[in-house]
Amino acid sequence: MLDPKLLRSQTEQVAAQLARRGFVFDLDRFNALEARRKQLQTETERLQSERNAGSKRIGQAKAKGEDVTPILESMDALKRQLGDNEQALAALQTEFEDFALRLPNLPHASVPDGKDDNDNVEVRRWGTPSSIENPKDHADLGEALGQMDFAAGAKLTGARFTVLRGGLARLHRALVQFMLDVHTREHGYEEVYVPYIVNAASLRGTGQLPKFGEDLFALKGEQEWFLIPTAEVPVTNLLREEIVAAETLPRRWVAHTPCFRSEAGSAGRDTKGMIRQHQFEKVELVHAVEPSQSYETLEQLTRHAEAILQKLELPYRVLALCTGDMGAGAAKTYDIEVWLPSQQRYREISSCSNCEDFQARRMLARYRGANGKPELLHTLNGSGLAVGRTLVAILENYQRADGSVEVPAALRPYLDGVEAITA
RNA sequence: GGAGAGAUGGCAGAGUGGUCUAUUGCGGCGGUCUUGAAAACCGCUGACGGGCAACCGUCCGGGGGUUCGAAUCCCUCUCUCUCCGCCA
């Protein structure tokens with residue numbers, strides 16, 4: 001959510017900033033809403049003040065044993081009008097809040113302008129794609145090994161689910177352990193285990209609700225519960241409605257969770273293989289920092305995610321997303337894309353974002369600053385990395401002519417020294 | 001699942017219809033004293049919103065209700081604790 005004060009005092013500048021990301025801000029509606037709210041709120045508070053004074057007089061008169069019926073009669077009309085006003089104001093405030101909750105974040109000045117992913121800017125590359133003759137894609141490799149079973153996934157549930165067996169299932173698990181170990185041992189993150197089901201308030205806090213509910217799996221039942229689309233939701237919400245001491249900052253958390261996404265609107269895209277699934281594992285990095293630190297932290301966070309690819313010796317590049325391609329909560333985002341030989345292109349494997357105070361304001365995540373007053377934190381998150389896609393990248397980049405797959409050296413300690421996955 | 005007890009500012013903890021502008025303690029901040037510190041003493045110290053300001057309003061777990069007036073009474077939901085049952 002954007003700062004309501006900024007929204008009110010510099011409406012047109014905000015609208016212009018949002019236009020950079022292709023968002024159309026309804027100025028007329030906003031101004032009309034604000035004019036009514038201001039008038040109604042001032043009037044309602046005046047009536048409340050009058051009522052409070054009247055009630056106090058009644059209390060004092062009763063204490064002295066005086067007759068209070070004249071005052072009670074004079075309060076009658078006030079009561080009715082106040083009731084009407086309060087109701088109208090509450091409706092208006094709900095409308096304002098809903099409007100504000102659907103606005104995306106302001107893009108940082110350094111974010112390149114652009115319409116879609118064609119306008120993203122490459123900032124660096126690492127590694128050299130190896131030349132593999134007639135590279136197979138991961139799905140063919142996995143199926144030939146007898147360890148990646150899409151038919152079984154489809155039978156158990158449906159499309160976009162996969163069953164892994166044997167060596168690949170183990171490699172998949174090893175990746176999780178490896179990533180967690182690197183981030184906790186070498187990058188100083190605290191590992192957390194969190195719920196995979198969250199309530200609506202948590203999703204509102206990180207920005208998935210109210211606007212992007214169709215991307216989520218909602219649970220049936222009495223509670224309004226959802227499967228998490230990313231660990232960013234439960235982990236960042238650890239700070240919801242908290243005021244933490246400045247000395248405890250920065251906070252850095254790493255969590256491994258499954259992620260569940262409905263993939264509504266992505267029909268026909270990445271239908272083959274494990275690239276786009278309804279359920280996938282991810283190791284997520286989350287930071288909460290003082291505002292002055294957040295852009296430096298974004299660089300660190302991105303490097304932490306890159307470190308995993310470097311240790312696995314997988315070629316990648318880093319992109320600065322353009323204004324039109326960023327997620328709604330982000331002020332700035334770097335995507336990391338890994339090389340996939342079968343597609344002869346780089347594909348997203350991590351997304352690292354600085355949300356500034358966008359999420360913190362929604363969830364009231366604050367710290368006590370130097371002046372003793374609560375200040376909003378800045379929150380950041382990034383994949384470190386998407387495990388399924390990392391498995392895909394290993395299969396494709398480490399494939400051998402005989403159909404077996406070499407195990408990256410960094411992972412061998414997690415697999416009892418096994419050097420290759422074979423049928 | 002059954003029975004009971006709770007939820008009040010950073011923490012602890014009073015308040016059971018109107019002198020509540022929410023008592024008090026701890027913690028924190030400032031001061032006095034001191035070479036410095038500690039102790040002692042004095043003062044300040046919740047959040048959010050509106051207003052140029054004076055000031056006003058809202059908030060006692062969430063929501064709803066009764067009342068001129070609710071932390072306090074009623075309904076409802078959530079969470080926590082104790083005991084019983086079941087359970088990985």
Side-chain angles (χ1 to χ4, degrees), chain A residues 1-11 30-31 33-101 193-205 209-210 219 221-226 234 237-249 251 288 357 359-377:
Chain A
M1 194 160 64
L2 302 176
D3 183 356
K5 286 191 181 118
L6 186 74
L7 207 48
R8 285 170 179 143
S9 63
Q10 303 191 41
T11 314
F30 179 83
N31 288 331
L33 208 59
E34 256 302 276
R36 277 195 62 209
R37 180 206 56 85
K38 205 163 176 170
Q39 188 270 329
L40 199 54
Q41 181 163 348
T42 312
E43 176 66 7
T44 303
E45 290 184 358
R46 189 185 65 75
L47 292 172
Q48 285 173 328
S49 176
E50 215 173 292
R51 177 205 58 196
N52 291 347
S55 295
K56 200 166 188 174
R57 277 207 310 280
I58 292 170
Q60 287 164 344
K62 273 194 162 178
K64 292 184 207 153
E66 293 170 4
D67 179 20
V68 296
T69 40
I71 318 181
L72 282 177
E73 279 165 15
S74 73
M75 300 284 280
D76 200 49
L78 177 69
K79 191 197 178 188
R80 274 198 310 275
Q81 211 203 330
L82 181 56
D84 291 348
N85 272 33
E86 282 179 335
Q87 214 164 19
L89 182 61
L92 210 55
Q93 277 167 340
T94 303
E95 199 178 335
F96 182 91
E97 191 166 297
D98 188 67
F99 183 88
L101 282 174
Y193 169 78
V194 292
Y196 303 158
I197 296 172
V198 291
N199 56 32
S202 292
L203 288 157
R204 206 173 304 118
L209 290 179
L219 270 59
E222 286 173 28
Q223 279 95 351
E224 204 183 2
W225 283 356
F226 303 84
N237 273 279
L238 288 170
L239 291 165
R240 175 152 55 86
E241 291 153 51
E242 298 286 338
I243 303 175
V244 302
E247 305 86 75
T248 66
L249 300 173
R251 304 297 297 265
D357 62 13
Q359 297 180 325
R361 183 172 293 105
R362 289 171 162 250
M363 62 174 76
L364 282 182
R366 293 169 291 179
Y367 73 103
R368 212 167 277 281
N371 61 1
K373 290 285 166 199
E375 310 269 2
L376 292 171
L377 290 159

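Heavy-atom basis, side chains included; hydrogens, waters and symmetry copies ignored. Residue numbers begin at 1 in each chain, while the letters A, B, ... track the order of the sequences.
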Once you round it to whole Å, what is the distance between C1' of rG18(B) and CD of Q60(A)? 9 Å

May I have the distance from L7(A) (atom CG) to rG50(B) (atom P), rounded to whole angstrom? 12 Å

Considering all heavy atoms of both residues, which atom of Y367(A) and which atom of A246(A) are nearest to each other, and what is their separation? CD1-CB, 4.1 Å

Just the rounded figure in Å: distance from P of rU67(B) to CG of L82(A). 14 Å

What distance, rounded to whole Å, do you find between the two P atoms, one in rC77(B) and one in rG17(B)? 26 Å

Ion pair present between R46(A) and E50(A), side-chain N to carboxylate O less than 4.0 angstrom? yes

R366(A) side chain N/O closer than 4.0 Å to the phosphate oxygens (OP1, OP2) of rG46(B)? no

Listing time: all N or O pairs from protein to nucleotides 61-66 of chain B that are below 3.5 Å?
none

Examine rG18(B): is either OP1 or OP2 under 4.0 Å from a nitrogen or oxygen in the side chain of K56(A)? Give yes or no. no

Residue met sooner reading RNA chain B from 5', once I58(A) and Q41(A) are mapped to nucleotides: Q41(A)

Whole-angstrom distance between rU34(B) and rU21(B), as gauged at atom C1': 38 Å

Which value, in whole Å, describes the distance between the P atoms of nucleotides rG62(B) and rC55(B)? 29 Å

Find the distance R37(A):CZ to rG49(B):C1' and express it as a whole number of Å. 9 Å

For RNA chain B, the dot-bracket pattern of Watson-Crick and G-U pairs whose distances stay under 3.5 Å, | for other-strand partners: ((((((((.[[[..)..(.....]]]((((((.......))))))(((((....))))).[[[[[..)....]]]]])))))))....

Taking the P atom in each of rC20(B) and rG28(B), what is the distance between them to the nearest angstrom? 29 Å

Can you check the E241(A) CD to rG10(B) C1' distance for me, whole Å? 16 Å

Nearest-nucleotide comparison on RNA chain B, the residue closer to the 5′ end among L364(A) and L72(A): L364(A)

Can you give me the closest heavy-atom contact between L239(A) and A288(A), atom names plus distance? CD1-CB, 3.3 Å

rG50(B) to rC42(B) separation - P atoms, rounded to the nearest Å: 39 Å

Please tell me if the side chains of L40(A) and L92(A) come closer than 4.5 Å, counting only heavy atoms from C-beta onward. yes

Does any residue of residues 45-55 of chain A have a heavy atom under 4.0 Å from RNA chain B, and if so, which ones, in number order? E45(A), Q48(A), S49(A), R51(A), N52(A), S55(A)

Euclidean distance, atom CG of residue L40(A) to atom C1' of rG51(B) [Å, nearest integer]: 16 Å

C1'-based separation of rG6(B) from rG61(B) [nearest Å]: 11 Å

Do T44(A) and L82(A) touch side chain to side chain, with heavy atoms closer than 4.5 Å? yes

Kindly indicate whether the side chain of D3(A), heavy atoms from C-beta on, has any atom under 4.5 Å from the side chain of L376(A). no

Is any NZ, NE, NH1 or NH2 atom of the basic residue among R80(A) and D84(A) found under 4.0 Å from an Asp or Glu carboxylate oxygen of the other? no

Taking everything shown except E86(A) itself, do over 12 heavy atoms lie less than 6.0 Å from its CD? yes

Heavy-atom side-chain contact between Q41(A) and Q93(A) under 4.5 Å: yes

To the nearest angstrom, the CZ-C1' distance between R240(A) and rC79(B) comes to 13 Å

Sub-4.5 Å side-chain heavy-atom contact between N199(A) and E224(A): no

Can you tell me if the side-chain N/O atoms of K62(A) get under 4.0 Å from OP1 or OP2 in rG17(B)? no

Could you tell me which non-hydrogen atom of A201(A) sits nearest to which non-hydrogen atom of R240(A), and how far apart they are? CB-NH1, 3.6 Å

Should the heavy atoms of other residues, nucleotides or ligands under 6.0 Å from CZ of R37(A) be counted, would the total exceed 12? yes

Considering only the C1' atoms, how many Å lie between rU19(B) and rG27(B), rounded to the nearest integer? 31 Å

Between rC60(B) and rA5(B), how far apart are the two P atoms, rounded to whole Å? 23 Å

Looking at every strand, decide which applies to R8(A) at a 4.0 Å heavy-atom threshold: base, sugar-phosphate, or nothing. sugar-phosphate

Whole-Å distance between rG51(B) P and Q39(A) CD? 13 Å

Contact check, side chains of R51(A) and K79(A), non-hydrogen atoms, under 4.5 Å: no

